[in-house]
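Numbered from 1 within each chain, the chains take letters A, B, ... in sequence-line order.
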Protein chains: 2
Amino acid sequence: MDIDLTATEENYLKAIYKANESSSSLASTNTIARYLSTSAASVTDMMKKLSQKNLVIYQKYHGVKLSQEGSRLATALVRKHRLWETFLVEKLGFSWEEVHDIAEQLEHVRSNELVDRLDQFLDYPKYDPHGDPIPSADGKFTLRERIALSNLSIGESSILVGVKHHDKVFLDYLNQNRINIGVTMNILSKSLYDHSIRVLIENETEILVTDETAKNLLVRKLSAD
Amino acid sequence: MDIDLTATEENYLKAIYKANESSSSLASTNTIARYLSTSAASVTDMMKKLSQKNLVIYQKYHGVKLSQEGSRLATALVRKHRLWETFLVEKLGFSWEEVHDIAEQLEHVRSNELVDRLDQFLDYPKYDPHGDPIPSADGKFTLRERIALSNLSIGESSILVGVKHHDKVFLDYLNQNRINIGVTMNILSKSLYDHSIRVLIENETEILVTDETAKNLLVRKLSAD
DNA sequence: AATTATTTTTAGATAAGCCTAAATTCTTAT
DNA sequence: ATAAGAATTTAGGCTTATCTAAAAATAATT
Ligand SMILES: [Mn+2]
Ligand SMILES: [Mn+2]
Ligand SMILES: [Mn+2]
Ligand SMILES: [Mn+2]
């Protein structure tokens, strides 16, 4: 049932997965190259190979998308990545900005038994430390509504359920301001000039975030009561 | 301080480590090739490379041993392997015959922080599920006396503290007979004809083991009381 | 519609890790 | 001491995953 892919092939599948996820049109060679920090020529080579294996549907010069089988494998990889990130934070006490690089390695360890036992050990988590959904063993996501903090109006309350980017600089900034998944965020005011927002965190500390930052914070609105 | 080696280079270091451990003389090309299921020619290639990096001391046609730095890296690898095996058994509920292959992959994940946190999470175990000593962060082993069951006399009691081989067939055989690390083993009688031994396990079940099997079971003698 | 710019593919190389077969060196037996 | 045998190294190739530079195709501009 399961084909054995190299870690490199898996990384390409994941790159295409991410690209397909965030744009609906076919993933371009350059997009994939940028994501993997490799050359366009290398991407073309790999697309031929993955196409040969029926893991992607590749149209020369026009882009690529995952086949059903490719999608299944990419989802399994995302599952492993997010389970390992959860393990690193929940069990080993890592902070959310430290786990991505380690999970990038752990996700390529081959053993279905291992993934399933890890899932059980973590008590079948639905979301990873960054708030991203963890696919179940049969590839199903538990989705939840997430809107950008920038879309809230003054006076509205919300809970942080996700972040758009996972880079260390951004997450460190959030740490410094005691912002992490689960905190409540109340919109106090918005600047008409630069759209920056004054936010009350956990009904305690007040901070000022730029419009750009607010776009990268994904929240669930709380019904006023 | 830490050089970045490929998984392949690490595996060669470990092979040399094992060979050096079990023979005192230099490791031969063929021994390493057999251990890694590769060709002698490939071993020679790699010895040149590792020698260049000062990780091994290699004498053409005469054999190879680890340098001090090579030894340090090999020990770190053994540490990772055995910590992961312990994790798989203690935390994920794997059986001791299932963990080796997975640990072979996990041991190559690069992150010192990860290893140290794993060690802490497991509460600094001294021995892995096969009874082998786990080196500490500074490379020290906690050794303990281990003699083969075949060397005991009739009437002597002992506790199983290790096994000489880790292959699935052998471990499965032990499982079937409820033999695992920590069980008590009493010598009931020995055959003069084929040296097979009647053993009482956990003061409960009685089994007959061949001389060959008894040589592969490492025990600690219990002082009679 | 034609030209220019951008993107993508192809061509040709390189490095790691592996192989088989041939040459070399070491070991053992006569 | 020499020849036969075994072990090891070298030579030459192969595959995967890279790269740069050149060629081809598509997209954008005038
Ligand atoms: Mn991640
Ligand atoms: Mn994540
Ligand atoms: Mn092992
Ligand atoms: Mn072990």
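The CD atom of B/Gln52 sits 14 Å away from the P atom of C/dA15 (whole-angstrom rounding). A/Glu9 places its CD atom 12 Å from the C1' atom of D/dT15, with the value rounded to the nearest Å. Separating the CE atom of B/Met47 from the P atom of C/dA16 is a distance of 15 Å, rounded to the nearest angstrom.
A salt bridge links B/Arg72 with B/Glu69; the closest basic N to acidic carboxylate O contact falls under 4.0 Å. Checked for salt-bridge contact, A/Arg146 and A/Asp132 meet the test: a charged N lies under 4.0 Å from a carboxylate O. Using a 4.0 Å cut-off between a side-chain N of Lys or Arg and a carboxylate O of Asp or Glu, A/Glu21 and A/Lys18 do not qualify as a salt bridge. The pair A/Arg110-B/Asp101 does not count as a salt bridge, with every side-chain nitrogen at least 4.0 angstrom from each carboxylate oxygen.
Under the rule for a ring-ring contact (aromatic ring centres under 6.0 Å, His included), the partners of B/His166 that lie at least two apart in sequence or sit in another chain are B/His130. Annotation: side chain to side chain donor-acceptor pair (under 3.5 Å) contacts of A/Ser28 (sequence neighbours excluded): A/Thr31. Every residue two or more places apart in sequence or in another chain was checked for a side chain to side chain contact (heavy atoms under 4.5 Å, CB included) with B/Ala76, and none qualifies.
Between A/Tyr12 and the phosphate of D/dT18, there is a side-chain N or O to OP1/OP2 separation shorter than 4.0 Å. OP1 or OP2 of C/dT9 has not a single side-chain nitrogen or oxygen of A/Lys48 nearer than 4.0 Å.
Of the residues in residues 57-65 of chain A, A/Tyr58, A/Lys60, A/Tyr61 come within less than 4.0 Å of DNA chain C through at least one heavy atom, sorted by number. Listed by residue number, B/Ser28, B/Thr29, B/Asn30, B/Ala40, B/Ala41, B/Thr44 are the residues of residues 22-45 of chain B with a heavy-atom contact under 4.0 Å to DNA chain D.
Applying the side chain to side chain donor-acceptor pair (under 3.5 Å) test to pairs two or more places apart or on separate chains, those with a residue in residues 167-176 of chain B are B/Trp96-B/Asn175, B/Glu97-B/Asn175, B/Lys168-B/Asp172.
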